[in-house]
Every structure is written in C-alpha cells, then in structure tokens.
There are 2 protein chains.
Amino acid sequence: MVLATMLKEKTTYSISELAQEFDVTTRTIRHYEDMQLLLPARQGQKRIYSLADRTKLKLIVRGKRIGLSLQESGELLNMYEPGQSNVDQLERTLEYIGTSRQKLSQQLRDISTMLDDLDEAEAGCKVELKALHDIADQHSH
Amino acid sequence: MVLATMLKEKTTYSISELAQEFDVTTRTIRHYEDMQLLLPARQGQKRIYSLADRTKLKLIVRGKRIGLSLQESGELLNMYEPGQSNVDQLERTLEYIGTSRQKLSQQLRDISTMLDDLDEAEAGCKVELKALHDIADQHSH
DNA sequence: AATATAACTTACGTTAACGTAAACTGCAAT
DNA sequence: ATTGCAGTTTACGTTAACGTAAGTTATATT
C-alpha cells in the first residue's frame, strides 16, 4: 500500500500540501481563489485541488518570481484555457501572446545586463580584497 | 550653440528630464529619494541630477521591470558604491552577489519556460483559428 | 507688474497582496 | 467525552509604491 502511494501519480491535494510544496501559506492560496485564479472542488467545505489546479498554482508562483501581478498571471491562465470559441477571441489571445513575449524578452535582456553587472562588481570586489590581503601580508613580514 | 548642446554629452538633468526619459513621474523620482535610493545635488531648492544619478535611476527602473523591490534595488546600488573599506564588508558583498546571481538565474529559467509555454499556446491558437476558417470556407462553398 | 511654468513641500489617499486574529466545524486519537 | 488537529469563514490590519491635491517659491516671459 505504501508502494502504491509511492508509485501512483497523485491526482488530488489538500491546501496544506500545496502550501508546503510551493512554499506559500494557505492564506495565500485562498487569496488566489478570492482573486479568481483558482477554483478547487469541494468535499463538504474542504478544498480539493486537482492536478490542473496544482499546475495553475505553479504558474502563479512562477509568475510572482518574475514580478507578475496576480492579474497578469490570471490573464495568462485564461489563455491556456481551452474555451476559445470564436475568431475574435483567438485573435485577441494571439495579440496578448505577442505583447507577453515582448515583455518577457525585455526581462531577459534586463536580467542579462544585471548578471553582467554582477560579474563586474564581483571582479572589482576580488581585486580590492586581494589588495587588502597584500597589505596585510606586507605588515606581517 | 545648438551644436554644442547636441554634441557635448549632457552631464546634469532636471527631474522632469529624467522623468520623461524613463517614463516615470517626478513624484516617483522623489519617492526614490525618500527611500534613499537617490540623493541629487541641489541648486537652491531645485534637484540637479548627475550622470551617476541617472545611471542609478536606470538601474532602479530596470530592477522594477524584473520585479525587484526598491529595497532590493537599493542594496544592489550599494554594492556598486566604491566605499568598501574592510575585508568583512567585501566578503558580505561577494556573498550578496552570489545570492543575487542565483535569483536572477532562477528568473532566467522561469522566463524561458514561460516563453516556451507561449509558443505552445500560440501554436494551439493558430490551429484552432485554421479549423474555424476551414469551416467557414466550407460553408461559403 | 502680472502671468505662466517648473519646481518644491506636506500630507492624506489608494491599491495590491497578503498577515493576523477570532470564532466555528469535522474528524481522529486518547 | 475531550482534546487536538486541519480546515473553514469573516473581517480588520499592514506594507510597499506611489497618486493626488493643496499651497509655496523661483524663474522666465509677455
């Protein structure tokens, strides 16, 4: 039986399980529900999260890491929903995908230059450190 | 004289010039000063921004784009300041550089997967669009 | 001299994203 | 039976990052 739970893919989760996995509080997860980003099933009054719910939460958390607002994450989530019935909707979605890609590309550039800056700063630090050590060596001699 | 102002590198800026260039309000710039991220010179009561100030502001704005808080941007700015006198300080700075790099690397990964997701979503949209168009063609015939 | 423009200070207001506390429910183990 | 979790709802509190308004000052222009 332990083997079964170890091998079988888990398909539902409690709120605290997800909270643990994604390192957020249960309050936070409920907040995302208040904001309409999640809509878990219920077993009585308990929330039951599906694999799809978990995936959504993962996307939200990832979004947070790169500075997306809950609104923006919500719009991204909507994009991934299948219910795109008409042409108009699909074209608006395509447009949104385009602008999203541009924003993300800008972020990529920003991060790259920041990483470069960090490299420079690190080099500078090491130079200064070495200078200080050299002086110390000289005095100890 | 116009030529001079066109060719010579500008070295000081008014608050509204910077606001325009970086697409923020003057209120925002003053707020960054309240938060100790900037400390421009004064000419009477007017703020005069140096090239260094401009560079700092650029870094702050860039930081915002990737979701940094003003505090975090402030800490980054401190790193780039020269006044690293003692060994202890330098080592702490090096450590901070390390963790910063890790955070940025994580963001790089997050953005990459998001871009991949967008590619998938776009492909899906296009497929659906084509299907809708095919149906339309069939009926018009 | 009067007016416009750009800057300034002070201070209260607003929004997002939760934190925190209080009081309730249902089930499980002692 | 009660104690103790894990979960729930409701609601007020908090922090960051500015927005917005009101009144003041300095400089330049008509």
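Letters A, B, ... are given to chains in the order of the sequence lines, protein chains preceding strands, and every chain is numbered from 1. Computed from heavy atoms alone, side chains included, the values below leave out hydrogens, waters and symmetry copies. All values derive from a computational prediction rather than experimental measurement.
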With a 4.0 Å limit, can you tell me whether B/T26 has a side-chain N or O closer than that to the phosphate oxygens OP1/OP2 of C/dA6?
no
When you group the ILVMFWY residues by side-chain heavy-atom contacts below 4.5 Å and let the links chain together, are B/L77 and B/L51 in the same group?
yes
In whole angstroms, the gap separating C1' of D/dG19 from CG of B/D34 amounts to 14 Å
Measure the distance from CD1 on A/I60 to P on C/dA17 and round it to the nearest whole Å.
11 Å
If hydrophobic clusters are built by linking Ile, Leu, Val, Met, Phe, Trp and Tyr wherever their side-chain heavy atoms come under 4.5 Å apart, do B/I48 and B/F22 end up in the same one?
no
Rounded to whole Å, CD1 of A/I29 lies from C1' of C/dC18 at a distance of 13 Å
Output the rounded distance in Å from CG (A/L37) to P (C/dC18).
10 Å
I want to verify a distance call: between D/dC18, C/dT9, C/dC18, whose nearest atom is closest to the A/H31 side chain?
C/dC18
Rounded distance (nearest 0.5 Å) linking atom CG of B/L68 with atom OG of B/S73:
4.5 Å
If every non-hydrogen atom of A/L104 is compared with every non-hydrogen atom of A/I66, which pair is closest and at what distance?
CD2-CD1, 3.7 Å
May I ask you to evaluate whether B/Y32 reaches the phosphate of D/dA17, defined as a side-chain N or O under 4.0 Å from OP1 or OP2?
no
For the pair made of CD in B/E33 and P in D/dC18, what is the distance, rounded to whole Å?
15 Å
Kindly say if A/T28 contacts the phosphate of C/dG19, meaning a side-chain N or O under 4.0 Å from OP1 or OP2.
yes
Out of C/dC18, D/dG7, C/dA7, which nucleotide sits closest to the side chain of A/S14?
D/dG7
As a test of reading the structure: which of D/dG7, D/dC18, C/dA7 is closest to the side chain of A/I15, going by heavy atoms?
D/dG7
Side chain to side chain donor-acceptor pair (under 3.5 Å) between B/R92 and B/Q89, intermediate numbers included
CA-CA 5 Å; B/R92 238 169 303 157; B/Q89 252 293 45; 4.6 Å; no
Could you work out which one of D/dG19, D/dA17, C/dG19 sits closest to the side chain of A/T25?
C/dG19
When the distance from CE of A/M35 to C1' of C/dA16 is rounded to whole Å, what number comes out?
9 Å
Could you tell me the separation between the CD atom of A/Q36 and the P atom of C/dA16, rounded to a whole number of Å?
14 Å
For A/S16 and D/dG7, is the shortest distance between a side-chain N/O and OP1 or OP2 below 4.0 Å?
yes
Any N or O donor-acceptor pair under 3.5 Å from the base of D/dT20 to the side chain of B/R27?
yes
Near DNA chain D, which residues from residues 40-58 of chain B have a heavy atom under 4.0 Å away?
none
Distance, rounded to the nearest Å, where A/Q71 contributes CD and C/dA16 contributes P:
7 Å
Taken to the nearest 0.5 Å, the spacing of A/Y80 OH from B/D117 CG works out to 4.0 Å
Between the side chains of A/Q138 and A/D134, is a donor N or O closer than 3.5 angstrom to an acceptor N or O?
no
